[in-house]
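Working notes for the structure below.
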Amino acid sequence: MELSARQVAFLEFARGLLRLDRSVHEVIDRAVATELGLRARQVFVLAALERGARHPGAVARRLNLPAPSVTRTVEGLVAAGHVTRRRSTGDRRRVELALTDRGQALLARARGTLSQGLADAWPHLDTARVADLAEGLAEMVDAREDPVG
């Protein structure tokens with residue numbers, strides 16, 4: 001089967017994204033580990049909670065991670081005092097998560113640290129180019145999540 005130019009372009013795009021994903025995680029892990037003693041996954045969980053995810057399952061879906069992995073990450077964040085966990089008042093079987101003030105402050109510091117680490121990792125890309133790439137990726141994500149527009 002012969003591939004169309006569009007199919008080849010998407011294959012190359014996907015390969016690039018997969019390679020970039022590993023690089024971005026390495027950059028983030030290095031930056032937040034060095035400065036804050038965190039892992040990228042911990043920062044992502046804190047950010048998901050800030051954006052409104054309140055249950056471990058919602059965090060897992062938002063981050064496209066396995067639920068047990070999110071549970072382990074949350075346990076560490078609770079133990080460190082960055083997240084609170086309590087039984088839901090509406091459904092005692094559910095757990096509700098929330099950022100503590102300490103977790104909120106840590107997330108703010110992590111954002112600054114990881115954004116600088118990312119900017120330093122790709123110094124040759126100017127701001128307009130990075131903004132254009134981010135916009136294109138967001139457009140693809142939005143189209144995939146809501147294919148009817």
Side-chain angles (χ1 to χ4, degrees), residues 7 9-125 127 129-149:
Q7 290 170 319
F10 270 97
L11 280 175
E12 289 304 313
F13 180 76
R15 280 189 198 109
L17 279 179
L18 292 172
R19 289 178 46 223
L20 182 62
D21 179 62
R22 286 189 297 273
S23 294
V24 168
H25 270 86
E26 288 171 8
V27 168
I28 291 172
D29 268 341
R30 194 173 324 116
V32 296
T34 301
E35 294 292 321
L36 305 170
L38 294 174
R39 301 281 308 193
R41 183 168 291 166
Q42 292 172 302
V43 175
F44 298 153
V45 167
L46 292 172
L49 292 173
E50 182 189 55
R51 288 190 309 268
R54 292 289 170 248
H55 306 282
V59 172
R61 282 187 301 280
R62 180 168 279 176
L63 299 177
N64 196 27
L65 292 172
S69 176
V70 169
T71 298
R72 282 190 303 275
T73 301
V74 165
E75 286 171 0
L77 292 168
V78 168
H82 302 302
V83 172
T84 60
R85 177 179 45 213
R86 66 181 176 90
R87 292 278 171 211
S88 171
T89 54
D91 181 349
R92 304 286 295 155
R93 296 169 295 175
R94 293 192 76 175
V95 172
E96 291 182 356
L97 306 171
L99 283 178
T100 63
D101 290 342
R102 184 176 173 176
Q104 193 79 339
L106 181 64
L107 180 57
R109 287 181 53 212
R111 276 198 178 104
T113 298
L114 71 87
S115 63
Q116 186 62 55
L118 290 165
D120 290 348
W122 289 277
H124 63 286
L125 293 176
T127 303
R129 180 70 173 138
V130 174
D132 185 48
L133 290 166
E135 184 180 327
L137 287 172
E139 183 180 325
M140 290 182 76
V141 169
D142 291 346
R144 180 74 176 126
E145 289 176 354
D146 185 16
V148 292

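Treat the numbers as computed from the prediction; the structure is a model and nothing was measured.
Of all heavy-atom pairs between Ala53 and Leu49, the closest is O-CD2, 3.2 Å. Of all heavy-atom pairs spanning Val43 and Leu114, the tightest one is CG1-CD2, 3.6 Å. Here the closest heavy-atom approach between residue Ala48 and residue Val59 is recorded as CB-CG1, 4.2 Å. In terms of heavy-atom proximity, Val32 sits nearest to Ala40 at CG2-N, 4.1 Å. Nearest heavy atoms, Leu20 versus Trp122: CD1-CZ2, 3.8 Å. For the pair Gly81 and Thr100, the tightest heavy-atom approach, listed with the atom from each and the gap, is O-OG1, 2.7 Å.
Glu75 and Arg72 are not joined by a salt bridge, as no carboxylate oxygen comes within less than 4.0 angstrom of a charged side-chain nitrogen.
No more than 12 heavy atoms of other residues, nucleotides or ligands lie within 6.0 Å of CZ in Arg19, so this atom counts as exposed by the packing criterion. Heavy atoms of other residues, nucleotides or ligands lying less than 6.0 angstrom from CZ of Arg109 number 12 at most. Annotation for Arg85: atom CZ counts as buried by contact number, over 12 foreign heavy atoms lying within 6.0 Å. More than 12 heavy atoms of other residues, nucleotides or ligands shown are found within 6.0 angstrom of CZ on Arg62. When the shell of 6.0 Å around CG of Asp21 is examined, it contains more than 12 heavy atoms from other residues, nucleotides or ligands.
Checking side-chain atoms of His55 against main-chain N and O of Val95 turns up a donor-acceptor pair under 3.5 Å. The closest donor-acceptor contact from the side chain of Ser115 to the backbone of Gly112 lies under 3.5 Å. A donor-acceptor pair under 3.5 Å is absent between the side-chain atoms of Arg144 and the main chain of Met140, judged by distance alone. No donor-acceptor distance shorter than 3.5 angstrom exists from the side chain of Arg129 to the backbone of His124, with no hydrogens or angles considered.
Separation of atoms CZ (Arg54) and CG (Leu97) is listed at 8.5 Å; rounding is to 0.5 Å. A distance of 5.5 Å separates CG in Leu99 from CG in Leu46, rounded to the nearest 0.5 Å. In this structure, CG on Leu107 lies 10.5 Å from CG on Leu77, to the nearest 0.5 angstrom. Note that CD of Glu135 is 10.5 Å distant from CG of Asp142, once rounded to the nearest 0.5 Å. With rounding to the nearest 0.5 Å, the separation of CG in Leu137 from CG in Leu17 is 6.0 Å. In this structure, Ile28 CD1 and Gln42 CD are separated by 13.0 Å, a value rounded to the nearest 0.5 Å.
At a threshold of 4.5 Å between non-hydrogen side-chain atoms, the residues Glu35 and Gln116 do not count as touching.
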(message) As a quick check of understanding, evaluate side-chain contact (heavy atoms from CB on, under 4.5 Å) for Leu38 and Leu106, giving each step before the final call.
(response) CA-CA 10 Å; Leu38 294 174; Leu106 181 64; 3.7 Å; yes
